[in-house]
Chemist: 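Can you keep this structure in mind? I'll have questions shortly.
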Amino acid sequence: MAESVVRALYAKATSLNLSSKKIKDVPTSVSAIRNLSVLLLNNNAITALPAELLCLRQVSLRFPGKHWKCLTRHAGGLRNLVVLNLNHNLIQRLPPEIKSLRNLQHLSVLDNKLEEVPAELGHLTKLSEINLTSNKLSWLPQQLYQCKDLTKLHVARNNLTSLPEGIRALAKLQVVDVAGNKLTMFPVEFHLLPLKELYCEGNRFVQCEPLPSVQDLEVLPLKELAARFVLLEDRNRSSLVHRMLPHYPCLTALLASGSSCVLCLGPFLITWLECVHFISLRKDMKMRSSLTIPVRALLCSYKCFNTDGHSFYGVATR
C-alpha cells in the first residue's frame, strides 16, 4: 500500500486506487499527491478521515466498506468533491457540515443505516444524482428541492410514507425510484415533472374504490378566512396588502405554506379536503409504462368538490 502511494506521488498521479487493501486508516501521505482528483478506498475498514486528507482538492471519494457509522464532521475540507460514494456501510446520519461540499454532483449512501437526511443537503445545488436506497428513512427534507439540477432520485427500500410537497421545483428530474416504501400517493403536481423513468412498486397506494361521501358542515375559522383574503390580495401587486406584507415577516412565513385550489385556483392556508386524481404514466406523462399512479390534489371547499366535470376523488379515512 505504501508503495502505491509513493509511486503515485512521484508520478504526479491524478488517481489512486486503494480498494480492498484491508486498511483501517488512510495514509496521511496521500495528501501530498497534489494532482489527486480520484481516490478509491472502497472495501476497507476505514472509520475516519485524517485531517491532512481533508485538505485535498478536486477529490472524488468512494467508501463502500462496512465500518462507517457516521460521516466525519470535517468533510468541509473537501470543497471540490464531485462524487461521494459511501455505499455498503453502517452510517446512521450525515452531518450538517455536508453543505460545504458545494461542488458535489453525485451522492450515494446506498445500503446504510440512515434514519434522516439533514436539511443542509439543500445547499448542494450542483447535485445531479442522489442515491439513498436501502436505508431507514421515514421522511425527506423539503430543502431537498433546492437541488435544482437533480436528474435522478433513488430512495427505494426505505420507510417513506410521503414525499414532501414542492417536488415540481425539480424541473430537470428524469428518474425517480421510490419502490419498496409506504407511500399512499405522490405529491401535488408530480405528474408535471419531465420524468422518463419511475419505479414505484411495493408501496401502499390508495385505490380507486367508490365509497359513500360524508360531508361535514363547511364552517371556516376566522384565521382561515383572513388568510384567504390576504393571500388573494397578495396576488394583486398594486394592492396595499401586497405592499405591506414584507413588513410582517412572521405573517409572510405563515402564509408561505398556503396552497391554491386545483379547480378554482383560489388560495387557502389550511389543507382540510384531501383529494387524489389518478394519472396514466403513458397518456399523461408520455412514459412507456402502463401504470396508473395516485397524485395528491388540493381543493379549497366542498363547493368546488361538488362541481361537475372534474376527476378528483376525496380520500376516505378509515
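If you're wondering where the values come from, they're calculated on a predicted model, not measured in any experiment. Because only heavy atoms are used, hydrogens play no part in the values below, and waters and symmetry mates are left out as well, while side chains stay in.
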Chemist: Would you give the length of the straight line joining atom OG of Ser257 to atom CD of Gln142, rounded to the nearest 0.5 angstrom?
Modeler: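 Taking OG in Ser257 and CD in Gln142, the distance rounds to 10.5 Å.
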Chemist: If the condition is ring pair (Phe, Tyr, Trp, His ring centres under 6.0 Å), which residues does Phe205 pass it with, not counting sequence neighbours?
Modeler: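 Listed in chain order: Phe186.
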Chemist: With no hydrogens and no angle check, do the side chains of Gln143 and Tyr145 hold a donor and an acceptor under 3.5 Å apart?
Modeler: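 On atom types as modelled, these side chains do not qualify, holding no pair under 3.5 Å.
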Chemist: Nearest 0.5 angstrom please: Leu144 CG to Leu170 CG, how far?
Modeler: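 So the gap between those two atoms works out to 6.5 Å.
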Chemist: Of Asn135, Asn181, Leu132, which is the lone residue that meets side-chain contact (heavy atoms from CB on, under 4.5 Å) with Leu160?
Modeler: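 For Leu160, the side-chain contact (heavy atoms from CB on, under 4.5 Å) check succeeds only for Asn181.
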Chemist: Would you call Val155 and Asp177 a side-chain contact if the rule is heavy atoms closer than 4.5 Å?
Modeler: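 Not in contact.
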Chemist: If the threshold is 4.0 Å, N to carboxylate O, is there a salt bridge linking Lys126 and Asp149?
Modeler: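 Between Asp149 and Lys126 there is no salt bridge, as every charged N stays at least 4.0 Å from the carboxylate O atoms.
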Chemist: Have Asn87 and Ser108 got a donor and an acceptor in their side chains that come within less than 3.5 Å?
Modeler: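 Note: Asn87 and Ser108 side chains meet the donor-acceptor criterion.
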Chemist: Between His191 and Asp284, does a side chain to side chain donor-acceptor pair (under 3.5 Å) hold up when you go through it step by step?
Modeler: CA-CA 7 Å; His191 58 294; Asp284 300 312; over 6 Å; no
Chemist: Give the ring-plane orientation class for His277 versus Phe312, where under 30° counts as parallel, over 60° as perpendicular and anything between as tilted.
Modeler: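 Geometry flag for Phe312 against His277: tilted rings.
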Chemist: How would you list, by chain and number, every residue that makes a salt bridge (charged side-chain N to carboxylate O under 4.0 Å, His left out) with Glu274, sequence neighbours excluded?
Modeler: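 Salt bridge (charged side-chain N to carboxylate O under 4.0 Å, His left out) list for Glu274, sorted by chain: Arg296.
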Chemist: Does Leu281 reach the side chain of Ile293, with side-chain heavy atoms less than 4.5 Å apart?
Modeler: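 Yes. Closest side-chain heavy atoms under 4.5 Å.
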Chemist: Are the side chains of Val230 and Glu233 in contact, using a 4.5 Å heavy-atom criterion?
Modeler: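 No, side chains not in contact.
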Chemist: Enter the distance from Lys303:NZ to Asn306:CG here, rounded to the nearest 0.5 Å.
Modeler: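 It is 11.0 Å, given to the nearest 0.5 Å.
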Chemist: Between NE2 of His106 and NZ of Lys152, what distance do you get to the nearest 0.5 Å?
Modeler: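 Nearest 0.5 Å value for the NE2-NZ distance: 8.0 Å.
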Chemist: Do Arg157 and Thr133 get their side chains close enough for a donor-acceptor pair, meaning under 3.5 Å?
Modeler: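 Judged by distance alone, the side chains do not pair up.
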